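Everything numeric in this text was worked out from a predicted model, so none of it was measured. Residue numbers run from 1 in the order of the sequence given. No hydrogens, no waters, no symmetry mates; every other heavy atom, side chains included, goes into these values.
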Amino acid sequence: MPAATAPSAAAGRRTLAVLVLIPAVAALALWVFAWPAARIAPRDLPIGVAGPATAADAVERELGGHEGAFEIHRYEDADAARAAIEDRDVYGAVVVTPGGTELLTASAGSPVVAGLLREAVTAQAPAGARVQVTDVVAAPAGDPRGAVLGASLLPLALVGAASGVATVLLGLRGAGAVTTLVGAAALAGLVGAALADSWLGALTGSWWAEAGVLGLTVLAIGSAFAGLATLLGKPGFGLGAALTILLGNAFSGMSSAPELLPTGVGALGQWLPPGAGGSALRSVSAFDGAAAGGPLLVLSLWAAAGLTATALGSRRHRAEAPTPEPAPAPAPVG
């Protein structure tokens, strides 16, 4: 009887584990995605102020009334403010002129931030005063609300994860694994640029630069999966999924902006491949590569670390594998 009930008891424990684990994972996923979305608000959002000193001081005091919301940068005139927006130093700028107030925005940097700035500056303008709004770097006609760009991160993460998982499960090792990861990422980048730029028109920058960023993002994610799984075994897949698919997408800020997420969350997201990839893609697509250096460095570090772990980890496993003992010589036939 004890022997007969053992499989039943083991099955019961597995069932209980699943019943506990699934709701816990669901709660974690909902918290990770819903909590930042429910706390969207400007936090040290960099914006510019330009114009005569007295008038600019007044605007800065009014914006400073939103404690902790804005990080104010002063510029001499509208041209300097425009240059700062195009360099991605600020998201927008308030320019005070003798004819009134002008708001410079960059909807290509974040349609959500552009709308937020319009509301904030218009609300502070004197009654009856007209605020002229100029979109210095407009979002593409194929993606005016940034929905396509924001939605592209999850597919990129899934493609990267699939390449990393397949590389490990197919038993590829060393140079073969590295070549597979790099080749799959390059092809994914070309396909992604063909769809997002050539077909949908959601990207409007250098086609090859966009393909390169898309491919590097896939490579960073795929090599992270492969490297972690090579070093840690199956738990590495779970850790890779948590960092790139779960936290990486939820904390990327691509649907709004990193500075609109809860304190620390947006900064963390920019150190994970989806957030860094999204920021680099915005830069090469709409800003001629301005401010792309940091995100590209983050992606390169992830890719280099993952590929190194994949290659060296495979070599270590081969070195640790037991050497099979030679078969005994057959006995002589008498």
Side-chain angles (χ1 to χ4, degrees), residues 21 25 28-29 32-33 152-192 211-254 258 265-281 292-322:
L21 182 62
V25 171
L28 176 63
V32 166
F33 280 92
S152 65
L153 287 186
L154 182 57
L156 284 178
L158 294 176
V159 169
S163 67
V165 171
T167 297
V168 174
L169 294 185
L170 291 175
L172 300 175
R173 298 288 184 267
V178 171
T179 301
T180 300
L181 289 168
V182 173
L187 292 174
L190 295 174
V191 172
V213 170
L214 290 168
L216 184 57
T217 303
V218 171
L219 178 61
I221 295 171
S223 60
F225 265 83
L228 289 170
T230 301
L231 295 177
L232 305 177
K234 289 182 180 179
F237 288 141
L239 181 57
L243 291 174
T244 61
I245 296 177
L246 190 61
L247 297 178
N249 279 276
F251 294 173
S252 69
M254 282 303 294
V265 168
L268 173 60
Q270 295 306 296
W271 282 98
L272 299 175
S279 293
L281 192 58
L296 290 176
L297 177 60
V298 171
L299 292 174
S300 299
L301 290 174
W302 275 92
L307 293 175
T308 301
T310 301
L312 297 183
S314 299
R315 185 179 303 174
R316 179 175 61 82
H317 288 321
R318 285 198 301 269
E320 293 176 353

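- Between the CG atom of L268 and the OG atom of S252 there is a distance of 11.0 Å, given to the nearest 0.5 Å.
- Between the CG atom in L239 and the CG atom in L231 there is a gap of 10.5 Å [rounded to 0.5 Å].
- Two residues are said to be in side-chain contact when any heavy atoms from C-beta on lie closer than 4.5 Å; I221 and W302 fail this criterion.
- In terms of heavy atoms, A211 sits closest to L190 at CB-CD2, 4.2 Å.
- Rounded to the nearest 0.5 Å, atoms CG (N249) and CG (L156) are 9.0 Å apart.
- Considering only heavy atoms from C-beta on, L272 stays 4.5 Å or farther from T244 through its side chain.
- Between V182 and L307, some side-chain heavy-atom pair lies under the 4.5 Å cut-off.
- W271 contributes no side-chain N or O that, together with a main-chain N or O of A276, makes up a donor-acceptor pair within less than 3.5 Å.
- V218 and A185 get closest at one heavy-atom pair: CG1-CA, 3.9 Å.
- The two residues V178 and A311 have their closest heavy-atom pair at CG2-CB, 4.2 Å.
- Residue F225 holds its CZ atom at 12.5 Å from OG1 of T230, rounded to the nearest 0.5 Å.
- Between G227 and T310, the shortest heavy-atom contact is N-OG1, 3.2 Å.
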Which pairs would a plain distance check flag for residues 163-170, meaning a side-chain donor or acceptor within less than 3.5 Å of a matching protein atom at least two apart in sequence or in another chain?
unit_1: S163; atom_1: OG; unit_2: G160; atom_2: O; d: 2.7
unit_1: T167; atom_1: OG1; unit_2: S163; atom_2: O; d: 2.7

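- Separation of atoms CG (L299) and OG1 (T217) is listed at 4.5 Å; rounding is to 0.5 Å.
- Smallest separation of non-hydrogen atoms from A280 and V213: CB-CG1, 3.8 Å.
- A pairwise comparison of heavy atoms in L181 and S223 identifies CD1-CA, 4.1 Å as the closest pair.
- Going from atom CZ of F33 over to atom CG of L28 covers 10.0 Å, rounded to the nearest 0.5 Å.
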